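A quick note: this is a predicted structure, and the numbers were derived from the prediction, not measured. We name chains A, B, ... by the order of the sequence lines, and we start the count at 1 in each one. In what follows, every heavy atom counts, from backbone to side chain, and hydrogens, waters and symmetry copies are set aside.
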Amino acid sequence: MEGTVNRRMLTGNKAAAWGARLAGVDYVPAFPITPQTEIVETLAKWFAGGEMTGKFTNMDSEHSMFAAAGAAAATGVRVFTASSSQGILYGMESLYTVTGWRVPFVMVNVSRALATPITLEPDHNDVLALRDAGLVQFHAETCQEVLDLILIGYRVTEDPRVCLPVLVNMDGFYLSFTREPVLLPDENAVREFLPPFKAEQPVFQASTPQARASAIFGGSHYSYFKFQQHLALQKAGDVFKEAAREFADRFGRSYHALEPYRMEDAEYVFVMSNSFATKGKSAVNKLRQKEIKAGLLKLVQVRPFPKKELAKALAGKKRVAVIDQNISLGSGGILFPEIAAALYPVQDRPETLLPVVGGLGGKDILESDFDAIIDRLDKGDATAPLLLYNEHDLAQFRAMQKIAGKTEEVLS
Amino acid sequence: MTDATDKTYRKIKDLPLEEEVAPGSPLCAGCGGLEGLRLAEKVLGHNVVYSNAAGCFTLMSIFPFNPLRGSWLYTTMSAPTATSQGIRDALDIRKNKYGMPESEDLQVMVIAGDGSTYDMGLSPTSAAIHRKLDFIYFCYDNQGYGNTGFQLSASSPYGSHTQTAPPALEHPAGAEQESKDIFEIWKAHNPVYLATVTPREPVDLANKFAKAKTLKGPRLFICLAPCPTGWGFDPSLMHQIAKLAVDTGIFPVREYFEGKVTHTKIPRKRVPVEKYLELQQRFRHLFEPKRQDEIIAHIQQKVDDYWKPYE
Ligand SMILES: Cc1ncc(C[n+]2csc(CCOP(=O)(O)OP(=O)(O)O)c2C)c(N)n1
Ligand code: SF4
């Protein structure tokens with residue numbers, strides 16, 4: 001069982017750093033970006049002070065950083081790295097490249113909306129830009145989840161059936177800089193759950209020369225490698241189940257691809273992810289006080305996309321709203337069509353499946369927004385996405401426009 | 001001629017007989033860069049892991065074939081150096097933290113073209129030299145983006161034809177800017193070792209790699225890579241063109257070590273540059289349909305200016 005447990009108040013960033021430390025990470029290539037920087041600063045201190053051993057390398061960009069992370073993993077050490085927002089975009093080419101190398105490591109993304117306009121607060125366009133890149137994705141609601149999913153993440157990424165990087169996502173500010181009580185598991189207990197890294201694939205060393213990531217001519221060979229990657233990523237769902245079960249046995253906290261909240265008798269369901277799920281749960285409780293049977297389904301595992309679990313959880317639910325904190329410009333929320341596709345083959349799929357886009361750039365989602373969603377669900381009007389932007393938001397913007405000397409209407 | 005490098009090899013027959021780069025890769029016949037790599041690897045041996053930047057040499061390793069005895073990792077156009085950093089760091093961690101035996105260690109080495117080296121890969125390489133990464137950088141310099149069909153790179157010389165800076169009435173030179181001086185840029189980073197090499201000077205090349213092999217830290221090579229396909233000459237002329245590049249003084253063969261630049265091959269009586277230019281299709285517009293004396297003179301002047309302090 002668990003051994004001694006250490007309860008601390010930690011920010012999401014500190015919890016992430018603790019995850020890497022408890023995992024016995026050997027190597028951290030790093031590059032700063034708000035709101036992630038606290039993670040790598042903390043790790044830098046621990047490497048400097050000897051609490052962590054191996055190497056911390058200051059890289060020159062995220063493009064370089066992810067390349068170094070993948071290369072070190074291909075050479076047989078346990079790697080951790082972290083980034084956010086522009087860093088993800090800048091490193092995108094390297095991320096696609098290293099997932100094709102089929103190497104294990106864990107990275108944290110601290111979500112922050114993408115420029116332009118440049119801002120610091122979160123939404124999920126950064127992490128969902130990696131939707132198709134071949135990483136396993138777990139999205140955390142709490143600081144505890146950040147830590148636990150990193151530990152479980154190493155079990156998933158290093159499993160020979162997977163050999164793909166794992167990304168753990170948390171929201172910038174709402175989680176990265178918010179202190180919450182976190183149970184730090186005992187190091188020895190973690191070592192039993194997650195033994196030191198032993199690469200399952202050949203690594204770069206003199207006795208095992210290898211060519212990796214050779215060029216391919218012809219779509220058929222290319223397809224073979226890509227389908228392999230796809231199947232491995234799908235397999236990661238089963239591996240996560242196994243690892244999470246063992247984690248629950250050892251540490252008493254359970255993780256699943258989806259987390260249902262007051263779903264049993266729910267007539268209205270909000271599908272959400274990350275830290276705003278906490279706001280959603282609180283809204284559910286408020287609505288229940290008003291005798292409205294609401295529930296929430298939290299997406300934890302975003303890749304592989306848990307289609308079957310979603311279909312099962314939402315079958316028979318009449319009114320479902322998918323709250324995307326991201327926007328695919330010209331289309332709407334990014335996750336909505338994936339959820340709709342998962343529900344399509346279900347006999348008793350929801351009558352109304354409402355796309356909602358909100359929380360962009362860290363904009364709060366208010367209780368009144370949840371009321372508005374219920375309202376729309378009752379009307380059964382799901383033809384266009386509901387954009388969460390109210391009179392108050394508009395008034396605030398108009399005030400800014402006035403300062404800027406602009407008075408005519410520019411937003412209809 | 002002087003030869004200031006430590007002489008591990010005195011004549012061509014002294015070079016190791018063993019081949020690390022097997023014949024039969026899809027690279028072009030007469031590829032000067034490949035010949036340079038072949039000679040370098042004779043000295044370095046096969047305990048090498050190559051990080052490759054997107055370019056012609058990427059095609060050396062096409063699944064499931066690979067002509068190298070060392071290890072290979074294809075990266076991206078701009079991250080081969082960062083990749084070498086990751087591998088080097090991991091090997092060091094395994095040695096220091098986990099007791100990996102020395103015999104498992106590898107020389108990490110970048111293989112990149114000039115497009116990657118002079119342009120988008122420059123910043124990561126600058127950073128790696130600054131971090132004193134223990135690695136060898138091999139730039140095969142064919143003075144253009146070869147793999148994509150020979151477009152202008154920052155290494156394309158003034159007066160040369162490339163697909164994206166074609167000579168025209170208003171732009172008679174083709175490439176209108178002088179190539180970037182990567183030797184001086186790298187030198188300003190004060191690497192442990194820096195040298196230019198050419199496949200036409202195999203003993204000089206081999207001695208420089210032999211010297212680099214004894215050193216630790218950033219060791220950087222620019223290998224002139226006469227490119228039949230991009231430069232427009234018959235593959236059989238590769239060595240002649242490489243020789244003329246040295247004999248005209250266009251390509252200075254030199255090294256930078258312990259704060260000093262030494263020319264390891266000094267052309268005492270320089271051949272006029274046009275002897276080098278006229279053999280290559282990429283300079284054809286300097287001679288036909290009308291001879292462009294001004295441009296040829298400019299190229300000659302630049303070479304003369306370079307060598308003046310050493311005469
Ligand atoms: C980010 C990126 N942009 C563009 C390319 C397309 N590309 C592939 S090889 C190449 C030319 C590389 O030139 P150089 O480094 O000189 O090597 P060479 O092709 O001459 O061997 C280019 C532009 C790429 N692979 N990656
Ligand atoms: S295009 Fe030039 S550099 Fe590229 S392989 Fe052919 S000869 Fe070599």
*Using a cut-off of under 4.5 Å on heavy-atom pairs, state which of B/Gln85, B/Arg69, B/His46 scores highest against chain A.*
B/Gln85
*Under a 4.5 Å heavy-atom cutoff, which of A/Ala74, A/Ala69, A/Ala67, A/Pro29 has the most pairs with chain B?*
A/Ala67
*How many angstroms lie between CZ in B/Arg88 and OG1 in A/Thr75, if you round to the nearest 0.5 Å?*
9.5 Å
*Look at A/Val77, A/Thr53, A/Asp60 and state which one has the largest set of heavy-atom pairs under 4.5 Å with chain B.*
A/Asp60
*Name the member of B/Thr58, B/Thr75, B/Asn66 that forms the most heavy-atom pairs with chain A at distances under 4.5 Å.*
B/Thr75
*Between the side chain of B/Arg131 and the main-chain N/O of A/Asn58, is any donor-acceptor distance below 3.5 Å?*
yes
*When you look at CZ of A/Phe56, are more than 12 heavy atoms from neighbouring residues, nucleotides or ligands closer to it than 6.0 Å?*
yes
*asked:* For chain A, which candidate among B/Leu68, B/Val49, B/Thr76 shows the most heavy-atom pairs at distances under 4.5 Å?
replied: B/Thr76
*How long is the span from the CG atom in B/Asp89 to the OG1 atom in A/Thr57, to the nearest 0.5 Å?*
3.5 Å
*B/Thr83 side chain near A/Trp101 side chain, heavy-atom distance below 4.5 Å*: yes
_Using a 6.0 Å cut-off, check whether atom NZ of A/Lys226 has over 12 heavy atoms from anything other than its own residue._
yes
*State the CD-OG distance between A/Gln205 and B/Ser71, to the nearest 0.5 angstrom.*
9.0 Å
*Quick one: what part of A/Thr97 sits under 4.5 Å from any heavy atom of chain B, side chain, backbone, both or neither?*
side chain
*Spatial distance of atom CZ (B/Arg94) from atom OH (A/Tyr27) [nearest 0.5 Å]*: 14.5 Å
*So which part of A/Phe225 gets closer than 4.5 Å to some heavy atom of chain B, the side chain, the backbone, both or neither?*
side chain
*Greater than 12 external heavy atoms within 6.0 Å of A/His221's NE2*: no
_Which atoms of B/Leu59 approach chain A - backbone, side chain, both or neither, heavy atom under 4.5 Å_ = side chain
*What residue among B/Val108, B/Leu91, B/Leu73 forms side chain to side chain contact (heavy atoms under 4.5 Å, CB included) with A/Phe204?*
B/Leu73
*asked:* So for B/Ser103, is it side chain, backbone, both, or neither that comes closer than 4.5 Å to the heavy atoms of chain A?
replied: backbone
*asked:* Below 4.5 Å, heavy-atom pairs only: which of A/Ala206, A/Ser61, A/Gly54, A/Ser64 has the largest tally toward chain B?
replied: A/Ala206
*Measuring heavy-atom distances to chain A, does B/Ser84 have an atom under 4.5 Å in its side chain, in its backbone, in both, or in neither?*
neither
*Lys/Arg-Asp/Glu bridge criterion (N-O < 4.0 Å) met for B/Asp92, A/Lys55*: no
*Which atoms of B/Asn96 come close to chain A, meaning under 4.5 Å heavy atom to heavy atom: side chain ones, backbone ones, both, or neither?*
neither
*With only heavy atoms counted, which part of A/Val203 is less than 4.5 Å from chain B, the side chain, the backbone, both or neither?*
side chain
*Which bit of B/Tyr98 comes within less than 4.5 Å of chain A, counting heavy atoms only: side chain, backbone, both or neither?*
side chain
*Count the heavy atoms of every other residue, nucleotide or ligand shown that sit under 6.0 Å from NZ of B/Lys97, and state whether that count exceeds 12.*
yes
*In terms of heavy-atom pairs under 4.5 Å, which option from A/Ser94, A/Pro196, A/Gly76, A/Ala213 contacts chain B the most?*
A/Ala213
*Around atom NZ of B/Lys95, are there more than 12 heavy atoms of other residues, nucleotides or ligands at under 6.0 Å?*
yes
*Non-hydrogen atoms of chain A under 4.5 Å away: do they reach the side chain of B/Leu106, the backbone, both or neither?*
side chain
*Pick from B/Pro80, B/Ser78, B/Ser126: which one has the most heavy-atom pairs with chain A under 4.5 Å?*
B/Ser78
